[in-house]
Amino acid sequence: MAFADETLSERTGRELHEAGLTIACAESCTGGLLTSTLTDMSGSSSYVMGSIVSYANHVKARILHVSEETLTVYGAVSEETAREMAENVRQLIQTDIGVGITGIAGPGGGSAEKPVGLVYIAVADHTHTVVRKNNFSGTRIENKQAAVEKALAMICNVIRRTT
């Protein structure tokens, strides 16, 4: 997706920079792709402060402080886990915005209750957290890329609300 002559990732970086906001990411199914995309722009070190790739539940619990109760009751792929990932990475890395992404990229790992392509994305600032449930239907790579594009759009919305 592009706006005028810039991609959504370029626009997100520009808006973060212009607003003087910082960001941290907690990624599971995207494996760091959002952070990689955000850091593709020169000067991204002024707004990208860090990232945690937390594939395993013990990393979500021990490093990101997602509660054991959340992981047990709702599962790693849930609105609640995405929310805690976003809020906690923002606090841990001390940024203005935190992003949490968790889901099932595929092609395996899905179930009737949580199918392949189910991805929860959360974006938190100091006052609000927005979580969106997504059902993507592509290949593993396409699902990861779709999640990143959705996250970038959500980040832009939070920047506009914050500034």
(request) Could you tell me whether Gln94 atom CD has more than 12 heavy atoms of other residues or ligands within 6.0 Å of it? (result) no
(request) Enter the distance from Leu118:CG to Glu113:CD here, rounded to the nearest 0.5 Å. (result) 9.5 Å
(message) Can you confirm whether the side chains of Arg140 and Asn143 place a donor and an acceptor under 3.5 Å from each other?
(response) no
(message) Applying a strict under-4.5 Å side-chain criterion to I, L, V, M, F, W and Y, I'd like to know whether Val77 and Ile52 cluster together.
(response) no
(request) Please list, chain by chain and in numerical order, all residues satisfying side chain to side chain contact (heavy atoms under 4.5 Å, CB included) with Gln145, sequence neighbours excluded. (result) Leu33, Val148, Glu149
(message) What I'd like to find out is whether the side chain of Val48 reaches to under 4.5 Å of the side chain of Thr95, using heavy atoms alone.
(response) no
(message) Using the rule that Ile, Leu, Val, Met, Phe, Trp and Tyr join whenever any side-chain heavy atoms are under 4.5 Å apart, tell me whether Met49 and Leu92 fall into a single cluster.
(response) yes
(request) Please write out which residues are connected to Tyr74 in a hydrophobic cluster, directly or through intermediates, given that two of Ile, Leu, Val, Met, Phe, Trp, Tyr count as joined at side-chain heavy-atom separations below 4.5 angstrom. (result) Val73
(request) Heavy atoms only: give me the nearest Ala26-Leu64 pair and the separation to one decimal. (result) CB-CD1, 3.7 Å
(message) Can a side-chain donor-acceptor contact be found between Ser137 and Asn135 if the only test is distance below 3.5 angstrom?
(response) no
(message) According to a hydrophobic-cluster definition based on side-chain heavy atoms being under 4.5 Å apart (Ile, Leu, Val, Met, Phe, Trp, Tyr only), do Ile97 and Val89 belong together?
(response) no
(request) Answer yes or no: is there a side-chain heavy-atom contact under 4.5 Å between Phe136 and Val119? (result) yes
(request) Please answer: with hydrophobic residues joined when any side-chain heavy atoms are less than 4.5 Å apart, are Val53 and Met85 in the same cluster? (result) no
(request) Please indicate whether Arg62 has more than 12 foreign heavy atoms, meaning atoms of other residues, nucleotides or ligands, lying under 6.0 Å from its CZ. (result) no
(request) Verify whether one side chain among Ser28 and Lys60 offers a donor that lies under 3.5 Å from an acceptor in the other. (result) yes
(request) Kindly give the heavy-atom pair with the smallest separation between Met154 and Val123, and that separation in Å. (result) CB-CG2, 3.8 Å
(request) In plain terms, say whether Arg14 and Glu10 are close enough for a salt bridge, that is, a side-chain N and a carboxylate O under 4.0 Å apart. (result) no
(message) Is the shortest side-chain heavy-atom distance between Ser44 and Thr39 below 4.5 Å?
(response) yes
